[in-house]
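A short worksheet on the structure shown next.
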Amino acid sequence: MPTAAPPSAANAEVAVRLRGIGKRFPGVIANDDINIDVHRGTIHAIVGENGAGKSTLMKILYGVQPPDSGTIEINGEQVNLHSPADAIKAGVGMVFQHFMLADNLTVLENVVLGAERLHGIGAKARAEVMRISDAYGLGIQPDRLVEELGVGARQRVEILKVLYRGARIVILDEPTAVLVPQEVDELFGNLRGLKAEGLSVIFISHKLDEVLSVADEITVIRRGTTVQTVEPEGVTARQLAELMVGSELPSPSTEASTVTDQVLLRVRDLALPSDYASEGGRPLLDSVSFEIHRGEVLGIAGVEGNGQAELVESIMGMRPAATGLIELAGDDLSSRSTRQRREDGIGYIPEDRQRHGLLLDAPLWENRILGHQSRPPSVSHGLVDRRAARDDTQRIIREYDVRTPGPDVLARALSGGNQQKLIVGREMSGEPSLLIASHPTRGVDVGAQAAIWKHIKDARRNGLAVLLISADLDELIGLSDRIEVILRGRFVGSFDPAGVTPERLGSAMTGAGETA
Amino acid sequence: MTKARLTSIGLGVAAAALALLAAFVITSLVLLAAGDPVGDVWGQLLAWPEMRNWANIINNASVLYLSALAVAVGFRMNLFNIGVDGQYRVAAFTAAVVAGEAWLPGYLNTALAIVCAMAVGAIWAGIAGLLRAARGVSEVISTIMLNFIATGLVAYLLRQVSVREEGSNEIGTREIPEGSRIGGIPFGDYEIYGFIVIAAIAGFAFWFVLNRTRFGFDLRATGRSTTAAVASGIDVRRMTVAALMISGAIAGLVGLPILFGDSYTYGSTFQSGLGFAGIAIALLGRNNPIGIAFGAVLFAYLDEQSNPLQILVGVSPDIVAITQGVIVLTVVISYELVRRYGVRLEQREVARVLASSRTDKPKEVSA
């Protein structure tokens, strides 16, 4: 049963009161009997696993989707939010995980865009923007182009946009997912500024240390319903995690090193020119060199968009413009097609599973064949062996705990975590010698995450070499034998995961340690 | 999983029935608005045809079937080959010239002509494939432009090689010698094209290649998601050229039942427009060889039954063209509706099965 708000915060007025919120989608219950009180002048964190229903709840509160049941009260008045416009009118603003800014406009123009009626577009608007920026310590430079800004600054622009529209209740959806540790600290400073001015902040996250350091109250959501509301003083990260999962939390830590002296993948001077090279664009990859041994996991850390995707696609043979040497077990891959590279023993877990990893409108057994079209068991002599493909899909479903009624279900009907487990199982089939794993556990629930980690570790013991790209620094540190940091298409630092902290990695990822 | 299979077949039939019903209603409204006798029109259209009409329907259907099959190959890869019309005319003209010259005896001559027709159709469509693969030119634009070029080219070449029949203004290629013609199959007191056997073989080959071979898997995978196809190692450019060439090769067969079973010569009055009907029939038949067969018979039936409308009911037979056009629209809408319903049904089924079998584990939420 959800508990009432703890006494210390109870003397503040309730800004948002959610009672019995329920939301169903075809076949799934996204929210069920959600009860939350957010007090004025506090930061209220909502934590839960991926897929626990946090995002759905916030879409309901921001008027994007109507709830099927339950009531929303804002400042003591019951409201019906039919659209984000209604929510804004009620004083609710939302900062989405993916920024919605026009790169080619200035900060001021971005803020005013769509809210021209409030303060016009001239001096009055500028004065208001500066007033808000100063009041909350956002440090906004109104005339800079958004494309020149870093991620942290863009996020502050998004927050300012919300405040400019008169929000007194600010929702932030996983705001730290795109930030490095230093930027996270700045953001938290800003949030405390908002709180001090009497605003209420709803902060969605699944990073428990952050939540504990910034929130005044924490509500845990599991399986679409509120489990408990606690104060950060009373709990540890571990207890919170157990509330989230409802059981013990797994850890990604590797056991004894299994690195051998045999080089499996050798990359020398890999370079990839920019698509706009003739206009002086910076190369996407610039003299990248590294080796991965059998039984070794090489982790790549970096802020998204610094060449990770290009590195992976170059090794897979999907970037014809790439130059340099790529050798797999001593064989030069440069003249080989993507299919041949796969046949040579490269397994590939793509970053965007729905775009690159699956045929959403095809049954699971056909998805089992994808990427393995030229290999048994599913295909032999150019013919598809449907029975063998179905049987092998059953094996993956069993071994990787893919939750589905059977192999004939369309991939679209599975949840994201189960889609990912199917992909991992498929790419581990046929005993690859190299696994390229881009964000292998992104959007996957904790149970599935542990299973995927275990499969990677088991295969590594048997001599699998792994190139691991992940935005989750704990996952990188826990799984890797070595970590390279990539920045603007170059490797800028090599770390031993045994002695590195997420903060130090974060500095290297932003280039703060570049001079060293 | 036979239950799921039955459900999916049932949904497919329901979608087609829904589309036809909607087309029926809309056509009736058009007739009403024009003040035409609705009952009489449908009475004529839905009357049971005579044997002679059935022979015509089957003949026409076999031609439409090949045309739709050609379009369907492209559709399976998300390529819109509008150029079947031009492809079959260039190909039929080539076959007529080759067969008319009779370099080889008897059925060897026929076989050579058929191979030449398929090759020319493949090359003609392959131009669009190459443009798409190399320069990213939309195949919709290039195939439709190639239709115009085909019309002009054939008209020009026809004048070069034609022989004028005595006592006629019509020009045409040299007649195919009797030994190289394809005889009819007895059908009651009438005959149907012997070429229908080749059409049936083409339908089977279509099903086998697409559903049972690696090549077919690659083709369908590319059609469903180009990005996933690339990541899986499919050479999408090569597949684009290959798919359009196969489409063109089948299109090359479209005019041949008429050529070898009826006209024996390619002349200025050779039937045109068969490629466009193929697009509608491929849509109606959901790019499935059996579905396409039903669609082809339906379209041929409507064409045949509409012929006497002018005489018997005083309504222009073109009303059937309206019906056929409306079918294309209703088919697209009803198939999409049924597809969404099917996905919802499946998601619910997945959730139900998972909820009942693993009540102890947390349910995944795909919000």
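Just so we're on the same page: letters track the sequence lines, and every chain starts at 1. The model shown is predicted, which means the values in this text are computed figures rather than measured ones.
- Taking A:M318, A:H356, A:H372, A:Q340 one by one and counting their heavy-atom pairs under 4.5 Å with chain B, the maximum is reached by A:H356.
- For residues 119-141 of chain B, the side-chain hydrogen bond (donor to acceptor under 3.5 Å, both in side chains) pairs, not counting sequence neighbours, are B:R132-B:E139.
- Scanning residues 378-387 of chain A against chain B with a 4.5 Å heavy-atom cutoff picks out A:V379, A:G382, A:L383, A:V384, A:R386, ordered by number.
- The part of B:V343 that comes within reach of chain A is its side chain, from C-beta onward, which places non-hydrogen atoms under 4.5 angstrom from that chain.
- No more than 12 heavy-atom neighbours from other residues, nucleotides or ligands sit within 6.0 angstrom of CZ on B:F294.
- Annotation for B:A228 and A:G357: closest pair CB-N, 4.5 Å, computed over non-hydrogen atoms.
- Within 6.0 Å of CD1 on B:I290 lie no more than 12 heavy atoms contributed by other residues, nucleotides or ligands.
- Across every non-hydrogen atom of A:A413 and B:E346, the tightest pair is CB-CG, 3.9 Å.
- Residue pairs meeting the salt bridge (Lys or Arg N to Asp or Glu O under 4.0 Å) criterion with at least one partner in residues 357-380 of chain A, sequence neighbours excluded, are A:D361-A:R412, A:D361-B:R339, A:E366-B:R220, A:E366-B:R224, A:R368-A:D392.
- At a 4.5 Å heavy-atom cutoff, B:D235 makes no contact with chain A through either its backbone or its side chain.
- A:Q394 pairs by the side chain to side chain donor-acceptor pair (under 3.5 Å) definition with nothing, not counting sequence neighbours.
- By number of non-hydrogen pairs under 4.5 angstrom with chain A, the leading residue of B:V230, B:I234, B:D218, B:T226 is B:D218.
- Residues B:A231 and A:T338 share a closest heavy-atom pair of O-CG2, 4.0 Å.
- Proximity to chain B involves both the backbone and the side chain of A:L370, based on heavy atoms less than 4.5 angstrom apart.
- Pairing each heavy atom of B:R214 with each of A:R339, the nearest pair is NH2-NH1, 3.5 Å.
- To the nearest 0.5 Å, atom CZ of residue A:R342 and atom OG of residue B:S232 are 6.5 Å apart.
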